[in-house]
Amino acid sequence: AGFRCATVSHDLASVSDLTLRRYQRKGNAGGVSVSKGEVRRCVIRDCRTMGEESSGWDSGHGGGAAVSGTGLLADCEVTACTTEKGHGKGNALWISGGVVTNCDIHANNNGYAHSSMTEGAGGVYMTGGQLLASKVHDNYRNSVGGIWMNNANAKVVNCLVYGNTA
């Protein structure tokens, strides 16, 4: 089934200065899930979500990380992450709440050029929350390479987005 490296779900919880590498799990957030508390100065690399046959191989969202609630992801690098078979939304990040700031989100690729999933992003998929002062670059997805914003509550401010392909 696979395991996520960390779940941060308490207001005072803090994870910092780690490399989270090669984690995978069924469901959302291959590397780390942050709904409260904070994750700072981490490298999240080569993580993925996997699909389940019972759900038609529908993969979870956020191959590298899922940020929700009041969670904070700051000063992190998210790279080489994916959603299995490209069926999850957000190869690198799925943001439904909280804040992602000063992060470098790059080189995330679903690797499935013929995925039937038409909604999702190689870099960041947002249904809420804030993406601030971050770089989103050199990501690939058959639908959107960089950032997909799917809700008026999603905010992107002072970010550099370049070199993404679809």
Side-chain angles (χ1 to χ4, degrees), residues 1-52 54-55 57-110 117 119-136 139 141 146-151 153-156 159:
F3 298 94
R4 153 187 323 133
C5 177
T7 298
V8 181
S9 60
H10 188 279
D11 289 330
L12 301 177
S14 180
V15 173
S16 63
D17 303 301
L18 294 176
T19 296
L20 316 174
R21 186 171 186 176
R22 292 193 180 135
Y23 285 90
Q24 62 184 15
R25 78 176 307 261
K26 291 179 182 175
N28 299 327
V32 63
S33 173
V34 188
S35 60
K36 294 181 181 179
E38 63 183 28
V39 173
R40 292 183 177 273
R41 297 179 308 277
C42 290
V43 175
I44 302 167
R45 175 183 209 78
D46 297 318
C47 295
R48 71 178 180 148
T49 58
M50 303 180 306
E52 296 186 57
S54 63
S55 66
W57 294 103
D58 186 25
S59 186
H61 309 312
V67 181
S68 62
T70 58
L72 172 67
L73 186 72
D75 306 307
C76 293
E77 177 185 14
V78 184
T79 187
C81 296
T82 191
T83 56
E84 184 177 74
K85 298 189 178 173
H87 290 293
K89 299 173 183 175
N91 290 347
L93 295 177
W94 176 39
I95 305 171
S96 60
V99 175
V100 174
T101 186
N102 200 37
C103 290
D104 187 5
I105 302 150
H106 66 97
N108 299 283
N109 182 341
N110 71 358
M117 184 66 149
E119 184 177 318
V124 182
Y125 184 85
M126 298 180 72
T127 58
Q130 298 178 62
L131 180 62
L132 309 173
S134 295
K135 292 189 294 184
V136 180
N139 300 290
R141 177 90 177 211
I147 301 170
W148 183 305
M149 299 170 67
N150 194 20
N151 191 302
N153 294 322
K155 306 290 182 216
V156 176
C159 293

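Computed from heavy atoms alone, side chains included, the values below leave out hydrogens, waters and symmetry copies.
One distance of note links OG1 of T82 with CZ of R48; it measures 8.0 Å at 0.5 Å rounding. Distance check, rounded to the nearest 0.5 Å: NZ of K135 to SG of C159 gives 11.5 Å. With rounding to the nearest 0.5 angstrom, the OG1 atom of T79 is 7.5 Å from the CG atom of D46. Here the OG-CG distance, from S96 to N150, works out to 12.0 Å after rounding to the nearest 0.5 Å.
When every heavy atom of T83 is checked against every heavy atom of G63, the shortest pair comes out as CG2-N, 4.0 Å. Taking every heavy atom of both residues into account, S134 and V100 meet most closely at OG-O, 4.1 Å. When all heavy atoms are compared, the tightest approach of G122 to R141 is N-CB, 3.2 Å. Between C47 and G64, the shortest heavy-atom contact is CB-CA, 4.3 Å. Nearest heavy atom pair, residue C81 against residue A92, reads CB-CA, 4.3 Å.
Using a 4.5 Å cut-off on side-chain heavy atoms (C-beta onward), V136 and L131 make contact. The shortest distance between side-chain heavy atoms of V32 and C5 does not fall below 4.5 Å. With a 4.5 Å cut-off on side-chain heavy atoms, H106 and E77 count as touching.
Residues that satisfy the side chain to side chain donor-acceptor pair (under 3.5 Å) test with N108, not counting sequence neighbours, are N139.
The side chain to side chain donor-acceptor pair (under 3.5 Å) contacts involving residues 66-76 comprise D75-N102, where partners must be two or more places apart or lie in separate chains.
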Query - Trace of the side chain to side chain contact (heavy atoms under 4.5 Å, CB included) decision for L93 with L73 - result: CA-CA 10 Å; L93 295 177; L73 186 72; 3.8 Å; yes
Report task. Please step through side chain to side chain contact (heavy atoms under 4.5 Å, CB included) for the pair L72 and T101, ending with a clear verdict. Result -> CA-CA 8 Å; L72 172 67; T101 186; 4.0 Å; yes
I'd like a table of donor-acceptor pairs (distance under 3.5 Å, sequence neighbours excluded) in which one partner is a side-chain atom from residues 38-45, with atom names and distances.
unit_1: E38; atom_1: OE1; unit_2: R40; atom_2: NE; d: 3.2
unit_1: E38; atom_1: OE2; unit_2: S14; atom_2: OG; d: 3.1
unit_1: E38; atom_1: OE2; unit_2: R40; atom_2: NE; d: 3.3
unit_1: R41; atom_1: NE; unit_2: D17; atom_2: OD1; d: 2.9
unit_1: R41; atom_1: NH2; unit_2: D17; atom_2: OD2; d: 3.0

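Between H61 and W94, the angle of the ring planes goes over 60°, which puts this pair in the perpendicular group of the 30/60° scheme.
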